[in-house]
Protein chains: 2
Amino acid sequence: MNCIDCNFKSSATKFLSKGEIEELSHNCAHVEFKKGEKIFKESSFSSNIIYLKSGLVKVHILGPKNEQITKITKASAFLGLPTTFNEKVNKYSATALENCKVCFIDLEVFKHFIYKNGVFAYQIITELCKNEIDSFFRCLNRTQKQITGRVADALLFFYHDIYDDKEFILPLTREEFGNYIDTTRESVSRIINDFQKEGIIKIKNKKIKILKEERLINISEKG
Amino acid sequence: MNCIDCNFKSSATKFLSKGEIEELSHNCAHVEFKKGEKIFKESSFSSNIIYLKSGLVKVHILGPKNEQITKITKASAFLGLPTTFNEKVNKYSATALENCKVCFIDLEVFKHFIYKNGVFAYQIITELCKNEIDSFFRCLNRTQKQITGRVADALLFFYHDIYDDKEFILPLTREEFGNYIDTTRESVSRIINDFQKEGIIKIKNKKIKILKEERLINISEKG
DNA sequence: ATTTAAATGTGATATAAATCACATTTAACA
DNA sequence: TGTTAAATGTGATTTATATCACATTTAAAT
């Protein structure tokens, strides 16, 4: 497989020269993961840059008390750049929430691109900056909003950022949902069922339909 | 003032060529801030890269409920790279906790260095990656530890990462301390006074001395 | 040095959310 | 297709921490 024909190029990779793309092709392994499989694991060695070509992934860390889902990332995106870059071992894990296609890129080759190709480096910096700001705000919401608001946020996130559809199959169990918004499976259960009773959403197991977006936005804002 | 003579060069700036340092000198403004002054402000335009040469700074965001101190940064470090880079307006504020010396670097010149100097770009990427991992863990502790553990963490942070001394002047009011660990001034008050009663620390207003580090570590780990 | 405002301490009370316990449903698999 | 395990729902209870209220101390300002 040659990267030149790949339809999933990242914003950074688009700026590589033909020669560089060629070099990438020889140092890039394509791997597929099934739903539920771990892509990389906390405390294991990190020696490749991981690029998510298609699919949906949860990034998670085992905290002092629970597993926390730090973020949910959909393709295309680099997965865990920070952990690969200046750490010998991964500081967190990534698990496929849907079937995923992933590229493992040799770290040295990737570094070489940064050294030689300023536009490539700039794109990576831009992505990292965006990630950091996003994580600031996720943390702010996690710590300052009440659970109802956090559930509303998460539902709106799946609608707008992941599926672009008011109806979707929730890719998480109630427990994972809890890990994503820092609460328990019981609280998630109660709140989404309350939402259903109030006619804000419709749920059938994992299938969710947002009926009253404005109410969700309102609940999200009130905290 | 010429940057070539500056004793506070960042790890990235060290890799600039003589010509580039010269260019930097012409596009870099040195400013001093007194304790309590705002260095940059949420919602204001961000048009400069800000480099903290000396002093101590709090980075903070106004959340849905309270002000949150996202992190406390001591020199030398870039302040708010993420917010300057791909946002027109700042997403958060930075305020001096001590008198600070700061450089305002023209954004275009900084970008130019990234494009032209791969080692410079690589250093910036390294710093951004480190920041992101740190913020993941800060968020994890914020959400999963009980207040006692978070207070212990913060005290150990000031000891190890800021002052390198078991005795220090706390650069925050009780309320700011609360904003830093996501709690109220009352809870901070109660807990540090409990710590004093148990002989773990000694406090006299803002002056703190850590007496039993092992106990603090233990409290921090138990959550 | 005196006044005023800001910061801090501390008890009493309220509250959001965790925990516990168990019933029920859904999905996995053999 | 039936059996077992995993996931979910829901009430009752507990708990950590916020909130409220007010006294006291410290720092700032005149």
Side-chain angles (χ1 to χ4, degrees), chain A residues 34-37 58 63-69 95 97 141-154 169-198 201-208 219-220 222-223, chain B residues 34-37 58 63-69 95 97 141-154 169-198 201-208 219-220 222-223:
Chain A
K34 292 215 194 77
K35 186 178 165 166
E37 288 182 329
K58 65 169 178 176
K65 220 176 157 195
N66 293 308
E67 188 86 5
Q68 176 174 88
I69 297 181
T95 303
L97 291 175
N141 286 336
R142 282 192 143 115
T143 49
Q144 293 196 8
K145 278 190 187 174
Q146 297 193 189
I147 302 186
T148 335
R150 304 207 298 271
V151 172
D153 273 348
I169 309 290
L170 190 72
L172 307 171
T173 64
R174 300 289 187 268
E175 176 147 29
E176 287 176 309
F177 199 135
N179 292 339
Y180 182 51
I181 59 167
D182 293 295
T183 184
T184 56
R185 58 165 198 86
E186 292 96 328
S187 295
V188 171
S189 238
R190 270 186 260 269
I191 285 160
I192 62 178
N193 289 329
D194 287 352
F195 281 0
Q196 163 139 271
K197 276 173 211 150
E198 292 178 51
I201 60 172
K202 192 169 171 297
I203 33 167
K204 178 77 206 302
N205 305 329
K206 293 245 162 57
K207 192 169 168 181
I208 293 190
I219 290 167
S220 154
K222 278 194 327 191
Chain B
K34 291 215 194 76
K35 185 178 167 166
E37 288 182 329
K58 65 169 177 175
K65 219 176 156 194
N66 293 307
E67 189 87 4
Q68 176 175 88
I69 297 181
T95 304
L97 291 174
N141 287 335
R142 282 192 144 116
T143 49
Q144 294 195 8
K145 279 189 186 174
Q146 298 192 187
I147 302 187
T148 335
R150 304 207 300 271
V151 171
D153 272 349
I169 308 291
L170 190 72
L172 308 171
T173 64
R174 300 290 186 268
E175 176 148 28
E176 286 176 309
F177 199 134
N179 292 341
Y180 183 51
I181 59 168
D182 293 295
T183 185
T184 55
R185 59 164 197 88
E186 292 95 329
S187 295
V188 171
S189 240
R190 270 185 259 270
I191 285 159
I192 62 179
N193 288 328
D194 288 352
F195 282 180
Q196 163 139 270
K197 275 173 210 149
E198 291 177 49
I201 60 172
K202 192 169 172 295
I203 33 167
K204 179 75 205 305
N205 305 329
K206 293 245 162 56
K207 192 168 168 181
I208 293 191
I219 291 167
S220 154
K222 278 193 328 190

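This one's a predicted model, so the numbers in the text were calculated from it and none came from an experiment. Chain letters run A, B, ... following the sequence lines, proteins first and then strands; every chain starts at 1.
By the neighbour-count criterion of 12 heavy atoms within 6.0 Å, atom CD of A:E186 is densely surrounded, having more than that number from other residues, nucleotides or ligands. By the 6.0 Å contact criterion, CD on B:Q196 is enclosed, its count of non-hydrogen atoms from other residues, nucleotides or ligands being greater than 12.
One atom, NZ of A:K145, and another, P of C:dT15, lie 23 Å apart when rounded to the nearest Å.
Between atom OG1 of residue B:T148 and atom CD1 of residue B:I219 there is a gap of 7.5 Å, rounded to the nearest 0.5 Å. Annotation: the span from B:T95 atom OG1 to B:K58 atom NZ amounts to 5.0 Å, rounded to 0.5 Å. Considering NZ of A:K222 and CD of A:Q146, their distance stands at 9.5 Å, rounded to 0.5 Å.
Comparing the axis of the opening five pairs of the helix from C:dT2-D:dA29 to C:dA30-D:dT1 with that of the closing five pairs yields an angle of 60°, rounded to 10°.
Closest heavy-atom contact between A:K206 and A:T173: CE-CA, 3.8 Å. Residues B:N205 and B:R174 approach most closely at O-NH2, 3.1 Å, considering heavy atoms.
Shown for residues 177-189 of chain A: residues whose heavy atoms fall under 4.0 angstrom of DNA chain D, namely A:R185, A:E186, A:S189. For residues 190-198 of chain B, proximity to DNA chain D is found at B:R190, defined as any non-hydrogen atom under 4.0 angstrom from a strand atom.
Between chain A and DNA chain D, the heavy-atom contact criterion of under 4.0 Å yields a 5' to 3' nucleotide range of D:dT8 to D:dA12.
Side-chain contact between A:N179 and A:Q68 is absent, with no heavy-atom pair separated by less than 4.5 Å.
In the model, A:T143 has no side-chain atom that pairs as donor or acceptor with a side-chain atom of B:K65 under 3.5 Å. Under the 3.5 Å distance criterion, with hydrogens and angles disregarded, a donor-acceptor pair is assigned to the side chains of B:K145 and B:S220.
Not counting sequence neighbours, the partners of B:T183 by the side chain to side chain contact (heavy atoms under 4.5 Å, CB included) test are B:I147, B:R150, B:I181, B:S187, B:V188. The side-chain hydrogen bond (donor to acceptor under 3.5 Å, both in side chains) check on A:S189 picks up nothing, with sequence neighbours excluded.
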